[in-house]
Asks: 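Below you will find the structure I want to go over with you.
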Amino acid sequence: SFMQKLHLARTMSAREQNNSMWQIGLAINSLRNDLAHQLNSPKRAQKTKKIFDLYKAENAQNQAALDALDTSEDRALMLAVAFFIGCLSY
């Protein structure tokens, strides 16, 4: 499952296990799981907002990254997911 892969990746990153980026990964998984069971979930907006809030907190000093969220929800979500995946390559 995605959650198992997320935990495995976190375990393998010994120096970064407490990095706040993992919270974004957990939030992405929560949204993914919710949508997998109910595409029009009433929790979608709340879970998407949580991902955006975590992304904004990680990029508080990067105005260009924050400005990039001023787009459609689906594009902004892709940006936040891509940001998380990029952090996995560190």
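Not measured: the values here are computed from a predicted model. Computed from heavy atoms alone, side chains included, the values below leave out hydrogens, waters and symmetry copies.
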Asks: Where is the tightest heavy-atom contact between L79 and A65, given as atom of each residue plus distance?
Replies: CD2-O, 4.2 Å
Asks: Got a sec, which residues hit side chain to side chain donor-acceptor pair (under 3.5 Å) with N62, two or more places apart in sequence or on another chain?
Replies: none
Asks: Looking only at heavy atoms, what is the nearest atom pair of F2 and R32, with distance?
Replies: CB-NE, 3.9 Å
Asks: Could you pull out all residues at least two apart from K50 that satisfy side chain to side chain donor-acceptor pair (under 3.5 Å)?
Replies: none
Asks: Partners of D53 by salt bridge (charged side-chain N to carboxylate O under 4.0 Å, His left out), sequence neighbours excluded?
Replies: K49
Asks: To the closest 0.5 Å, what do you measure between CD1 (I51) and OG (S30)?
Replies: 8.0 Å
Asks: Which residues satisfy the side chain to side chain donor-acceptor pair (under 3.5 Å) test with T71, sequence neighbours excluded?
Replies: none
Asks: Please list all pairs meeting ring pair (Phe, Tyr, Trp, His ring centres under 6.0 Å) that have one or both residues in residues 25-45, counting only residues at least two apart or in different chains.
Replies: none
Asks: In terms of heavy-atom contacts, does CD of Q4 have more than 12 from other residues, nucleotides or ligands at under 6.0 Å?
Replies: no
Asks: Residues two or more places apart in sequence or in another chain: which of them pass side-chain contact (heavy atoms from CB on, under 4.5 Å) with K43?
Replies: D34, S41, K47
Asks: Count I, L, V, M, F, W, Y as connected when their side-chain heavy atoms are under 4.5 Å apart, and connections chain through other members. Are M78 and I85 then in the same cluster?
Replies: no
Asks: Only counting residues at least two apart or in another chain, list the ones meeting side chain to side chain donor-acceptor pair (under 3.5 Å) with R44.
Replies: E73
Asks: Any pair with a residue in residues 56-70 that passes salt bridge (charged side-chain N to carboxylate O under 4.0 Å, His left out), sequence neighbours left out, goes on the list, sorted by first then second residue, please.
Replies: none
Asks: Give a yes or no on this: more than 12 heavy atoms of other residues, nucleotides or ligands lie within 6.0 Å of atom CZ of R75.
Replies: no
Asks: Determine whether L88 and I24 fall in the same hydrophobic cluster, where Ile, Leu, Val, Met, Phe, Trp and Tyr are linked whenever their side-chain heavy atoms lie under 4.5 Å apart.
Replies: yes
Asks: With sequence neighbours excluded, what pairs up with F83 under the ring-ring contact (aromatic ring centres under 6.0 Å, His included) test?
Replies: Y55
Asks: Go through the steps for L77 and F52 under the test side chain to side chain contact (heavy atoms under 4.5 Å, CB included), then give the verdict.
Replies: CA-CA 8 Å; L77 194 54; F52 292 156; 4.2 Å; yes
Asks: Please enumerate all residues that pass side-chain contact (heavy atoms from CB on, under 4.5 Å) together with M3, with sequence neighbours excluded.
Replies: S1, L6, H7, L26, N29
Asks: In this structure, would L66 and V81 fall into the same cluster of hydrophobic residues linked by side-chain contacts under 4.5 Å?
Replies: no
